[in-house]
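Note that the structure is a prediction, hence the values are computed from the model and not measured. FYI, the numbering just counts along the sequence from 1.
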Amino acid sequence: MEEKVPAGRCVVAVDGPSGSGKSTVSRRLAVSLGARYLDTGAMYRALTWAVLRSGVELTDTESVAKVAGEADLRIGTDPQGYAVTVDGIDVSTDIRGPEVTGAVSAVAAVGAVRELLVDRQRRLVAEAGRIVVEGRDIGSVVTPDADLKVYLTASESARAQRRSAEDAADVSATAADLARRDRLDSTRTVNPLQQAPDAVVLDTTELGIDEVVARLRDLLTERGVA
């Protein structure tokens, strides 16, 4: 017998550093809840791809903001498969490459870019009604009224192992890159990576994906929104 899932509003904000399991957990949870899913990191990566394609310097924040504002960014919200396009080009694969990964923190730090995307993200959340949103400033900035705010974390070694396995990369190099991105994202002036005061912190170092999803379902049930 299939589990009956309520159709009412349910917004879950999932934040945390790279390699903490945000994407996999968020997608699985969205499927479990019969909800939509929004990968806000993919949106920043897509605009970073657009900036790199334009050839403007990452340090030229005015030009970066102009490129971002003119790009036609579209992203799906199906947790079982979605595409990200920029100006009609499918960039779903390209935005995961090393060039974009190395530049995304710089683009994401531009205030005008964050303002643009936060507004877009809030509209997507409002349209969906029932959605799991993952990123780095979701509970603190994008959806401060979320039904559940979660901050996923894990040990540095576990995060590096997971990410290097995904990217087929050297673990030590991956660890260094994660540390670099965490430092940049947590110290930027506008909307830094941070834990919302009322977020539930969940260390995923020793937990499997199914265990994490089950715990989040339990938390939502306690709140009467699962």
Closest contact, heavy atoms only, Ala65 versus Ala112: CB-CB, 3.7 Å
Non-hydrogen side-chain atoms of Val64 and Val113 separated by less than 4.5 Å: yes
Check Glu70 with Lys66, please: is the shortest side-chain N to carboxylate O separation under 4.0 Å? yes
Side-chain contact, heavy-atom cut-off 4.5 Å: Met43 with Leu124? yes
Does Arg217 use its side chain to pair, donor to acceptor, with the backbone of Ser32 at less than 3.5 Å? yes
Would Tyr44 and Leu117 count as a side-chain contact (heavy atoms from CB on, under 4.5 Å) here? Give the steps. CA-CA 8 Å; Tyr44 284 102; Leu117 288 186; 3.4 Å; yes
Tell me if a side-chain donor or acceptor on Ser92 pairs with a main-chain N or O of Val84 at a distance below 3.5 Å. yes
How far apart are the C-alpha atoms of Asp145 and Arg9, what are their side-chain angles, what is the distance that settles it, and do they pass the salt bridge (Lys or Arg N to Asp or Glu O under 4.0 Å) test? CA-CA 12 Å; Asp145 61 342; Arg9 177 188 183 277; 3.7 Å; yes
Any side-chain heavy atom of Leu116 sitting closer than 4.5 Å to one from Leu47? yes
Which heavy-atom pair separates Ala103 from Leu52 by the least distance, and what is that distance? CB-CD2, 4.2 Å
Any donor-acceptor pair under 3.5 Å from Arg223 side chain to Leu219 backbone: yes
For Thr153, is there any backbone N or O sitting under 3.5 Å from a side-chain donor or acceptor partner on Thr204? yes
Residues Thr40 and Arg120: side-chain donor-acceptor under 3.5 angstrom: no
Test side-chain contact (heavy atoms from CB on, under 4.5 Å) on Asp78 and Arg36; report intermediate values, then the result. CA-CA 6 Å; Asp78 183 345; Arg36 308 307 290 178; 3.9 Å; yes
Is it the case that the side chains of Ser63 and Glu57 hold a donor-acceptor pair, with the cut-off being a distance below 3.5 Å and no angle test? no
Check whether more than 12 heavy atoms from other residues, nucleotides or ligands sit under 6.0 Å from atom CZ of Arg53, and answer yes or no. yes
Take Asp15 and Lys149, measure what salt bridge (Lys or Arg N to Asp or Glu O under 4.0 Å) needs, and give me the verdict at the end. CA-CA 8 Å; Asp15 291 303; Lys149 300 176 189 178; over 6 Å; no
What one should report as the nearest heavy-atom pair of Ser20 and Pro17 is OG-O, 2.7 Å
4.5 Å side-chain heavy-atom contact, Thr48 and Ile95: no
OH on Tyr82 to CD1 on Ile75, rounded to 0.5 Å: 5.5 Å
Salt bridge (Lys or Arg N to Asp or Glu O under 4.0 Å) between Asp147 and Arg130: does it pass, once the steps are laid out? CA-CA 10 Å; Asp147 298 286; Arg130 192 172 184 81; over 6 Å; no
Any side-chain heavy atom of Leu202 within less than 4.5 Å of one from Leu207? yes
Keeping Asp87 on the side-chain end and Asp72 on the backbone end, is there a donor-acceptor pair under 3.5 Å? yes
Does this structure show an ion pair linking Asp39 with Lys22, if we count only N-O contacts that are shorter than 4.0 Å? no
Criterion salt bridge (Lys or Arg N to Asp or Glu O under 4.0 Å) on Arg96 and Asp94, from CA distance to verdict: CA-CA 5 Å; Arg96 304 298 174 183; Asp94 291 344; over 6 Å; no
Does the side-chain contact (heavy atoms from CB on, under 4.5 Å) test come out yes or no for Ile131 and Val12, once each step is laid out? CA-CA 6 Å; Ile131 189 169; Val12 181; over 6 Å; no
Neighbour count above 12 (heavy atom, 6.0 Å) for Arg74 CZ: no
Quick one: do the Gln80 and Tyr37 side chains pair a donor with an acceptor below 3.5 Å? no
Is the closest side-chain donor-acceptor distance between Thr101 and Arg45 under 3.5 Å? yes
Please give me the minimum heavy-atom distance between Thr143 and Ala13, naming the atom from each residue. OG1-CB, 3.6 Å
Test your reading of the model: is there a side-chain donor-acceptor pair from Ser26 to the backbone of Ser23, 3.5 Å cut-off? no
Do the side chains of Arg122 and Val142 get nearer than 4.5 Å, heavy atoms only? yes
Pairwise side-chain contact, Val150 with Leu148, heavy-atom cut-off 4.5 Å (strictly under): yes
In the structure I gave you, are the side-chain heavy atoms of Ser54 and Trp49 within less than 4.5 Å of one another anywhere? no
Passes side-chain contact (heavy atoms from CB on, under 4.5 Å), Val132 versus Val14? Steps please. CA-CA 7 Å; Val132 178; Val14 183; 4.0 Å; yes
Pairwise distance CD1(Ile209) to CG(Leu29) - rounded to 0.5 angstrom: 11.5 Å
